[in-house]
There are 2 protein chains.
Amino acid sequence: MVTISEVAQLAGVSVTTVSRVINDYPHVSKAKKDKVFWAMDKLGYVPMQAARQMRGSGSQTIGVVVPEIINPFFSYLINAIERTVDKLHYKTLIIQTFGRKQNELTALDYLKRHQVDGIILCALENDWDIIKGYQKYGQIAVCNEYVDEDTIPMVIGDQFNGLRQGTEYLISKGKTKIAYCTGRDSLLLQQRGKNFDSDRYLGFTTALQAHDLSFNPAWLFTNAHSIEDGQAILKQLSQMAQKPDAIITGSDEVATGIVSLAKSLNIQIPQDLSVLGVDDQPLAKFLSYPLTTIRQPITQMGQQVAEVLIDNIKGTTEPAQKIKLDLQIVPRESA
Amino acid sequence: MVTISEVAQLAGVSVTTVSRVINDYPHVSKAKKDKVFWAMDKLGYVPMQAARQMRGSGSQTIGVVVPEIINPFFSYLINAIERTVDKLHYKTLIIQTFGRKQNELTALDYLKRHQVDGIILCALENDWDIIKGYQKYGQIAVCNEYVDEDTIPMVIGDQFNGLRQGTEYLISKGKTKIAYCTGRDSLLLQQRGKNFDSDRYLGFTTALQAHDLSFNPAWLFTNAHSIEDGQAILKQLSQMAQKPDAIITGSDEVATGIVSLAKSLNIQIPQDLSVLGVDDQPLAKFLSYPLTTIRQPITQMGQQVAEVLIDNIKGTTEPAQKIKLDLQIVPRESA
DNA sequence: TCGCTTTATGTAATCGCTGACATCATTATA
DNA sequence: TATAATGATGTCAGCGATTACATAAAGCGA
């Protein structure tokens, strides 16, 4: 491998001079600078990152931790983050946890090792008390999850108002018997500001109460994530004596599952059942019933969290920012 | 940051002994080994990767270069690769090129720097003559692209037979006037074994010839990639005097665009127009017309290319392997 | 022309880790 | 019991880059 000394030798200068040229430091004559560039080019020299890191000069890299990139929500989020990170002259290291706690901790170890200067957590696997301990090794920011900690920057969508407005939308369409799906266990839905599912749920119930509508507990579906979950939910629904006339899903996946089975179960959408998705995934508008859905501000989330984190890394900002972005209803045919 | 010396000191042994414990070398007494583990745990020690790399002990990392992870084809491919790479105790570094040549070269520089031990290219941006030069810095494998070079392992789908069979399928449904979409320029379609588009096209024309069908050059659509491209194509088609009765798209995206506009243009699918996709993307079956499509063996491709590359890194195999995997027709409603 | 600042360049220590080599201690073999 | 082999442990050089420090040359005002 080509080293800085080889470049120095070929250019007829010292390694220091080469280092100065590489890092664009002053006090190098035009003549030598040119020679160095020529030598670097001739040898195809690329500085070894590992050696630089050893000198403590940071990694110029930020880690982005997500559950899985095959989930479009996260791949679009990464996309937004990476474009911003690029713009700020950092590199992005994508780390998938596949939902495993251990993988999240391994990801955080990258901070200890100085492999990354900062980390964006786009999902939380471990309890915050555990993650907290890693703060001393580098900057951490959280995106799309709640963290009740002053020292951590956080960028989230305003789930409470998003769902409140979504519910209002259904009510404005004359729907009164609204079912509700969530990815969590039911037990965890009651405490505002703890996680986005509970915020959503409270937005939902708040809108209901504002219109004096009651919620039938039989219409609460928990642990719903996938298309298959959505299909299972619709099957259950279709066999109920008391049927809802609308359903709010926790994601476009679940909504996709529901609309995919409607025809075969002889359920008319949206007349018999309005279906409201969340996310506005790219293909939501091309489904058998184009989804009415609550769009998440993915692009801005990614952009802002990247900016805030890098600001913090550079030490240029004050207390951790908490940024809340608006969701937006996208009316299509399913509701 | 916690260093190996601090661990050594706390454990009351030399750094070498700690190093031996970390790397599971022999000749360390049980007693000292336990002490070292205890000290490592107590201090929360994680070896610094950069320092290890400097000693030439490889990075235990392989780079996966893709155009964009928001493309489900690639995110699923990465998924398959990463799971295999994990299993073989390597790490995965995902690198997006966003279709830019320079980004591909930067990715290849990771080899020079010893940031990765090998690279899987899942798309080719630069001419092969340029990429070739990087072989001396580390192992390179190519996935889903043609490379006419003995020294490079390559894993691809059998596009020729896939498209031949897909075309046969349409013919078996009574279709005789078949249009064709490709992502490339028309000029590049004629040479077998050069890229997968040309293989596909030749598979298509081969099937046509076998049934004495001719191909109307007006029905060739080039540079078709996105949903919007698909929509544009259908609009063009609908205004032709001579209309095809089937269309083979280069991807499920293009197929999605076509079926999404069919209803509003008053075109019945598949009666008026059969639409054949390629890829079998996860949502293909949930579209307004569930797509009949040619499934790519993504999982096996990812798995095999990872295995072959890591085999090569370890130096355990003979000449570069060329692996060709079968595509499979998934009949649904669009054709 | 003299001292003083500024610019240009080089020497060598250092970062954390591994591994070749050296040194004892212990056990096996003759 | 003497000697060789093996096991346990330590010392220290070196990987490739940065950077504190040293030094020489050039610029500059009086």
Side-chain angles (χ1 to χ4, degrees), chain A residues 1-40 43-61 91 109-117 137-138, chain B residues 1-37 39-40 43-61 109-117 137-138:
Chain A
M1 100 167 284
V2 184
T3 72
I4 197 171
S5 335
E6 295 173 50
V7 175
Q9 198 165 13
L10 180 62
V13 300
S14 73
V15 289
T16 309
T17 302
V18 177
S19 179
R20 285 203 182 93
V21 171
I22 294 169
N23 297 289
D24 203 24
Y25 287 159
H27 308 315
V28 180
S29 67
K30 177 88 172 63
K32 301 229 167 184
K33 199 181 260 185
D34 286 346
K35 259 197 228 161
V36 169
F37 277 130
W38 166 81
M40 290 201 296
L43 297 173
Y45 169 74
V46 183
M48 185 173 176
Q49 186 62 27
R52 298 181 124 173
Q53 276 176 235
M54 281 208 57
R55 297 292 322 200
S57 53
S59 57
Q60 298 292 304
T61 300
K91 296 191 192 309
D109 276 342
Y110 279 80
L111 280 177
K112 274 196 192 171
R113 275 191 211 119
H114 296 274
Q115 298 249 93
V116 299
D117 296 343
Y137 303 118
Chain B
M1 99 167 282
V2 184
T3 73
I4 197 172
S5 336
E6 296 174 49
V7 175
Q9 197 165 14
L10 180 62
V13 301
S14 74
V15 290
T16 310
T17 302
V18 178
S19 178
R20 285 201 181 95
V21 173
I22 295 169
N23 297 290
D24 202 24
Y25 287 159
H27 307 316
V28 181
S29 66
K30 176 90 171 60
K32 301 230 169 188
K33 198 180 260 184
D34 286 346
K35 259 196 231 162
V36 169
F37 277 130
M40 288 201 296
L43 297 174
Y45 170 74
V46 182
M48 185 172 174
Q49 185 62 25
R52 300 181 120 171
Q53 273 175 239
M54 282 208 56
R55 297 294 322 227
S57 53
S59 58
Q60 298 293 302
T61 301
D109 276 341
Y110 279 81
L111 280 177
K112 272 197 192 171
R113 274 190 213 121
H114 296 273
Q115 297 248 93
V116 299
D117 297 344
Y137 303 117

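Per chain, numbering begins at 1; letters A, B, ... match sequence-line order.
Between C:dT9 and A:Ser29, a contact under 4.0 Å exists linking OP1 or OP2 to a side-chain N or O. For the pair B:Lys32 and D:dA8, the criterion of a side-chain N or O lying under 4.0 Å from OP1 or OP2 is not met. OP1 or OP2 of C:dG10 sits under 4.0 Å from a side-chain N or O of A:Ser14. The side chain of B:Tyr25 contributes no N or O atom lying less than 4.0 Å from OP1 or OP2 of C:dA20.
Residue B:Gln49 contributes atom CD, which lies 11 Å from atom C1' of C:dC17 at whole-angstrom precision. The NE2 atom of B:His27 sits 8 Å away from the C1' atom of D:dT6 (whole-angstrom rounding). We find that CD1 of B:Ile22 is positioned 10 Å from C1' of C:dT18, with the value rounded to whole Å. Rounding to whole angstrom units, CD of residue A:Glu6 and C1' of D:dC15 are separated by 13 Å. In this entry the distance linking NZ of A:Lys35 with C1' of C:dT9 reads 12 Å, nearest Å. Counting to the nearest Å, the C1' atom of C:dC17 and the NE2 atom of B:His114 are 17 Å from each other. Rounded to an integer number of Å, the gap from CD1 of A:Ile4 to P of D:dT19 is 11 Å. Whole-Å rounding puts the B:Met48 CE to D:dC15 C1' distance at 13 Å.
In this structure, A:Tyr45 and A:Ile22 have side chains that are in contact, with non-hydrogen atoms separated by less than 4.5 Å.
Side chain of B:Lys112 to backbone of A:Gly44: a donor-acceptor contact under 3.5 angstrom is found. Checking side-chain atoms of A:Thr61 against main-chain N and O of A:Lys91 turns up no donor-acceptor pair under 3.5 Å.
Heavy atoms of B:Pro26 sit nowhere under 4.0 angstrom from any nucleic acid atom. Backbone-only contact: A:Val28 has heavy atoms under 4.0 Å from sugar-phosphate atoms and none from a base.
With hydrogens and angles left out, the side chain of A:Arg52 and the base of D:dG16 share no donor-acceptor pair within 3.5 Å. Donor-acceptor pairing under 3.5 Å, judged by distance alone, is absent between the side chain of B:Arg20 and the base of C:dG19. For A:Thr16 and D:dT19, a side-chain-to-base donor-acceptor distance below 3.5 Å is present, hydrogens and geometry of angles not being considered.
Here the side chain of A:Met54 is nearest to one of D:dG16, D:dT9, C:dT18, namely D:dG16.
Side-chain contact of B:Thr16 with B:Ser19: a donor-acceptor pair under 3.5 Å is absent, judged by distance alone.
B:Met54 contributes atom CE, which lies 6.0 Å from atom CE of A:Met48 (distance to the nearest 0.5 angstrom).
Take the nearest nucleotide of DNA chain D for A:Ala50 and for B:Thr17: the residue whose nucleotide is more 5' is B:Thr17.
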